[in-house]
Amino acid sequence: MATPKEKPTISLYSNRSSLKWVVLVISVIISAGSIIYTDQLVSEIREREKKQIDLYASTLEYLTNESEAPNTNVIFILEEIIDANTTIPVILTNEYGQPEYYRNIPKADKITDEKHRKRYLLNEIKSMKEEREPIMVTLTDSNNQIYGYKNIYYRNSYLLVQLKYYPYVQLSIIAIFGVIIFAVFNYSRTAEQNRVWVGLAKETAHQLGTPLSSLMAWVEYFKDTFPDYEEIFMELQKDVDRLDMITQRFSNIGSVPQLLEGNVYEIVDEVVQYLKVRISKKIEMSVESFPNKEILANLNKSLFAWVIENLIKNAADAMSGKGSIRIKVMKVNEGQVAVDVTDTGKGIAKNRIKDVFKPGFTTKKRGWGLGLTLTKRIIENYHGGKIFVKRSEPNVGTTFRILLKL
Ligand SMILES: Nc1ncnc2c1ncn2[C@@H]1O[C@H](COP(=O)(O)OP(=O)(O)O)[C@@H](O)[C@H]1O
Ligand SMILES: [Mg+2]
């Protein structure tokens with residue numbers, strides 16, 4: 001006999017994580033670059049603003065020293081100088097720390113009540129002092145006699161403050177926008193995948209339906225017509241029933257499946273009994289149920305059986321023909337039922353655990369990598385449950401856990 005031709009396989013699995021890293025690294029570089037750059041701008045402007053204020057102070061000192069005139073003009077001149085500055089918030093105080101004049105503090109302008117405004121300015125002075133040391137101007141008369149001093153309090157201009165936070169605001173907006181775009185794309189991709197899954201499943205069920213009902217009718221006919229061969233027809237009946245079940249699975253996955261109350265233990269046990277005679281004799285299988293054998297949950301029987309079948313088949317594959325598969329059905333906290341499928345197989349490498357549910361991921365020569373994807377879909381989308389790798393150790397074994405609502 002000729003050896004069967006190796007079927008050409010299509011790799012469904014694609015690794016897109018390297019692309020993710022490239023995008024991430026580029027965005028980090030861009031962000032860091034723009035932050036560093038604006039930081040430099042900020043410190044330059046900060047320096048310049050300081051110089052501007054220094055200039056006020058020295059001009060003031062110079063003027064007062066030169067002027068023979070009485071100090072009545074001093075305030076006026078100082079105000080003139082301060083007025084020339086239209087961006088940096090400044091408060092001028094006398095020796096006693098009382099505000100005499102201010103500039104570029106729009107909030108203070110809005111306060112009409114004299115007392116209120118003064119209180120506000122005093123508060124401003126306090127916070128300005130924390131930010132920058134005030135510049136002290138000594139007032140001396142023509143005889144070089146000090147007759148007083150004034151303080152100029154100031155802080156970064158609003159422009160500078162804005163510039164300081166600008167890159168962060170800008171980057172956050174871009175990041176939020178990016179997340180939204182990603183979510184939308186992801187959603188539409190998932191929606192498309194869903195349509196393909198559902199459509200293909202429906203079509204398959206539909207195509208199987210016609211020959212199947214004809215087969216069923218034939219089996220019935222033969223059973224009645226040739227009662228002597230009953231045994232053969234019973235076997236045939238089993239295969240037809242199995243085909244019917246497969247059709248049902250596809251039909252269920254292609255529609256919103258009905259969930260009915262069913263005994264989880266019973267369904268699991270049925271699958272185990274069915275598979276026991278079909279997989280290697282050296283693989284021992286057992287089902288346990290806690291606290292009793294009556295654990296009810298809302299589920300779609302044909303789909304749930306499919307899930308268990310997938311897990312058992314994977315477990316058997318992982319053991320290369322020898323070992324044990326233990327299934328535990330148990331009530332766990334918060335009204336949930338857990339189904340643990342444990343094998344003594346070769347296990348899953350740590351860095352592969354996150355991949356096993358991805359479509360197309362397989363380590364088998366003849367695998368499609370769709371079994372666990374389908375399983376996850378059935379449990380999560382159709383039953384609102386959860387499935388995950390509870391534990392896996394290379395060469396020791398693997399436990400998959402399903403959680404369903406009771
Ligand atoms: N019980 C298990 N023990 C070890 N590896 C497993 C087990 N179940 C699944 N895997 C790994 O996950 C992969 C994907 O499984 P699956 O989606 O069922 O696809 P396939 O069985 O076609 O490979 C398998 O190829 C295997 O590497
Ligand atoms: Mg599989």
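Worth saying up front: this structure is predicted, and the values here are computed from it rather than measured. FYI, the numbering just counts along the sequence from 1. In each ligand, atom 1 is the first atom listed, and ligand 1 is the first ligand listed.
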Min heavy-atom dist F357 to ligand 1 below 4.0 Å: no
What lies under 2.8 Å from the Mg ion (ligand 2), restricted to protein N/O/S atoms, is N314 OD1
| task | Could you label the plane-to-plane angle of the F226 and F233 rings as parallel, tilted or perpendicular, counting under 30° as parallel and over 60° as perpendicular? | result | tilted
ask   = Quick one: do the E44 and Q40 side chains pair a donor with an acceptor below 3.5 Å?
value = no
Would you check the N or O atoms of D317, main chain and side chain alike, for any that come under 3.5 Å of an N or O of ligand 1?
no
Closest by any non-hydrogen atom to [atom]: pick that one out of [options].
atom                    : options                : answer
atom 6 (C) of ligand 1  : I348, T362, N314, N310 : I348
atom 1 (N) of ligand 1  : L374, I312, T398, D343 : D343
atom 27 (O) of ligand 1 : T363, I325, T344       : T363
atom 19 (O) of ligand 1 : G369, G347, P394       : G369

Sorted by chain and residue number, the side-chain contact (heavy atoms from CB on, under 4.5 Å) partners of I232 (sequence neighbours excluded) come out as Y229
Residues 237-259 vs side chain to side chain donor-acceptor pair (under 3.5 Å), sequence neighbours excluded, gives K223-Q237, E235-K238, Q237-D241, R242-Y274, R242-E309, R249-E309, N252-N300, N252-S302
Residue set satisfying salt bridge (charged side-chain N to carboxylate O under 4.0 Å, His left out) with E284, at least two apart, ordered chain then number -> R326
